[in-house]
Amino acid sequence: MIRVQTEDFDIGAEITRIGADNTEIGGLASFVGLVRDYAGDEKISAMTLEHYPGMTEKELFKLETEARERWDLQEVLIVHRYGRLKPGDRIVLVVTASAHRKASLESCQFLIDWLKTKAPFWKLEDRESGAKWVDSREQDTVAADKWV
Amino acid sequence: MQVLYFGWVKSRIGISKETLSPPLEVTNVVTLIDWLKGQGDGYAAAFNDAASLRVAVNQEVAPLDTVISDDDEVAIFSPMTGG
């Protein structure tokens with residue numbers, strides 16, 4: 001399941017709901033992305049995420065489909081926020097569920113690695129020196145390419 | 001043709017979306033960008049570094065040589081930073 005929203009999400013409630021709905025699940029893996037309060041040696045006071053409505057949902061659905069083809073998964077949940085966020089705020093939640101741990105752990109890492117470079121989001125940081133768009137990082141591309 | 005901009009491409013141009021009727025010589029994304037570069041300093045600044053530009057045609061990531069027509073939705077943006 002894919003959700004793109006401005007509102008915060010409740011990690012415990014999301015995970016509890018997935019586990020309660022399906023008793024074939026033997027394990028859940030999760031990743032939560034948060035807003036840091038620094039970039040390099042500069043403080044960040046806020047981060048604004050913009051996205052491409054329409055394409056975002058399609059790309060996230062493609063990622064879910066790809067994960068389900070590669071691993072035997074009972075459930076996949078991706079919740080990604082957009083809008084203006086503060087340091088400490090949650091940005092993204094990925095939950096994968098499977099009968100045994102290997103599939104959920106691996107697919108959770110796969111999803112967040114591919115989200116970084118394939119989901120149409122852009123981050124604008126409010127820094128002490130002014131607003132700056134976050135650059136893509138070479139190490140994120142390397143991490144994504146591992147799964148090709 | 002619907003054209004959308006995201007990330008620093010949007011900031012440099014100053015708008016997020018516009019409807020364009022490019023001239024006949026615009027047949028693919030490369031020629032669209034070349035034509036847009038002549039439409040103002042913001043466009044020239046946004047498209048200065050072609051290697052850093054990413055493109056989607058009809059909401060699918062696409063190479064710069066993708067053929068486009070008036071019915072297409074073309075998005076030009078800086079590298080995506082999700083997650």
Side-chain angles (χ1 to χ4, degrees), chain A residues 2 4 31-36 39 47-63 78-82 85 90-94 108-126 130-141 143-144, chain B residues 1-20 28-29 32-33 36-37 40-83:
Chain A
I2 303 302
V4 182
F31 177 87
V32 181
L34 306 173
V35 180
R36 274 188 299 271
M47 177 184 274
T48 303
L49 280 105
E50 71 166 16
H51 77 114
Y52 185 172
M55 180 173 168
T56 306
E57 291 80 0
K58 283 186 203 171
E59 285 299 317
L60 294 181
F61 181 71
K62 275 195 235 166
L63 292 184
I78 303 171
V79 184
H80 207 305
R81 296 178 69 193
Y82 64 96
L85 302 176
R90 289 174 275 270
I91 304 171
V92 62
L93 171 67
V94 177
C108 187
Q109 178 159 15
F110 161 78
L111 284 168
I112 194 66
D113 282 348
W114 273 26
L115 258 172
K116 285 268 169 195
T117 58
K118 294 181 191 295
F121 288 89
W122 295 270
K123 293 171 177 159
L124 182 66
E125 294 168 339
D126 282 6
K132 185 178 183 303
W133 289 100
V134 175
D135 289 324
S136 62
R137 301 188 315 161
E138 176 61 26
Q139 62 210 83
D140 288 337
T141 307
Chain B
M1 181 184 298
Q2 283 285 331
V3 184
L4 293 83
Y5 311 110
F6 295 99
W8 49 248
V9 174
K10 181 189 77 172
S11 297
R12 290 174 191 176
I13 294 173
I15 53 171
S16 59
K17 191 178 192 175
E18 58 187 329
T19 304
L20 298 173
N28 61 21
V29 182
L32 172 67
I33 289 172
L36 283 170
K37 276 184 185 170
D41 291 347
Y43 291 97
F47 300 137
N48 180 36
D49 178 12
S52 296
L53 296 173
R54 301 290 181 272
V55 167
V57 176
N58 300 323
Q59 304 190 354
E60 298 268 356
V61 169
L64 285 168
D65 61 358
T66 304
V67 172
I68 50 174
S69 69
D70 278 353
D71 300 331
D72 289 321
E73 178 177 304
V74 180
I76 308 170
F77 41 83
S78 45
M80 298 176 274
T81 51

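Residue numbering restarts at 1 for every chain, and letters A, B, ... go by the order of the sequence lines.
Using a 4.5 Å heavy-atom cutoff, the side chains of B/Lys10 and A/Glu50 are in contact.
To the nearest 0.5 angstrom, A/Met55 atom CE is 11.0 Å from B/Asn58 atom CG. If you take CG on A/Asp140 and CE on B/Met80, they are separated by 12.0 Å, rounding to the nearest 0.5 Å.
No other option in B/Ser11, B/Gly83, B/Ala56, B/Ser16 has as many heavy-atom pairs under 4.5 Å with chain A as B/Gly83. Residue with the most contacts toward chain B among A/Tyr52, A/Trp114, A/Tyr82: A/Tyr52 (heavy-atom pairs, distance under 4.5 Å).
With hydrogens and angles left out, the side-chain atoms of A/Trp133 and B/Ser78 include no donor and acceptor closer than 3.5 Å.
For chain B, the nearby part of A/Ile91 is the side chain; its heavy atoms alone come within less than 4.5 Å.
Shown here is B/Asp49, whose CG atom has more than 12 heavy atoms of other residues, nucleotides or ligands within 6.0 Å.
Of the options A/Lys58, A/Lys62, A/Lys118, a salt bridge (Lys or Arg N to Asp or Glu O under 4.0 Å) to B/Glu60 is made by A/Lys62 and by none of the others.
Considering all non-hydrogen atoms of both residues, A/Trp122 and B/Thr81 come closest at CA-OG1, 3.5 Å.
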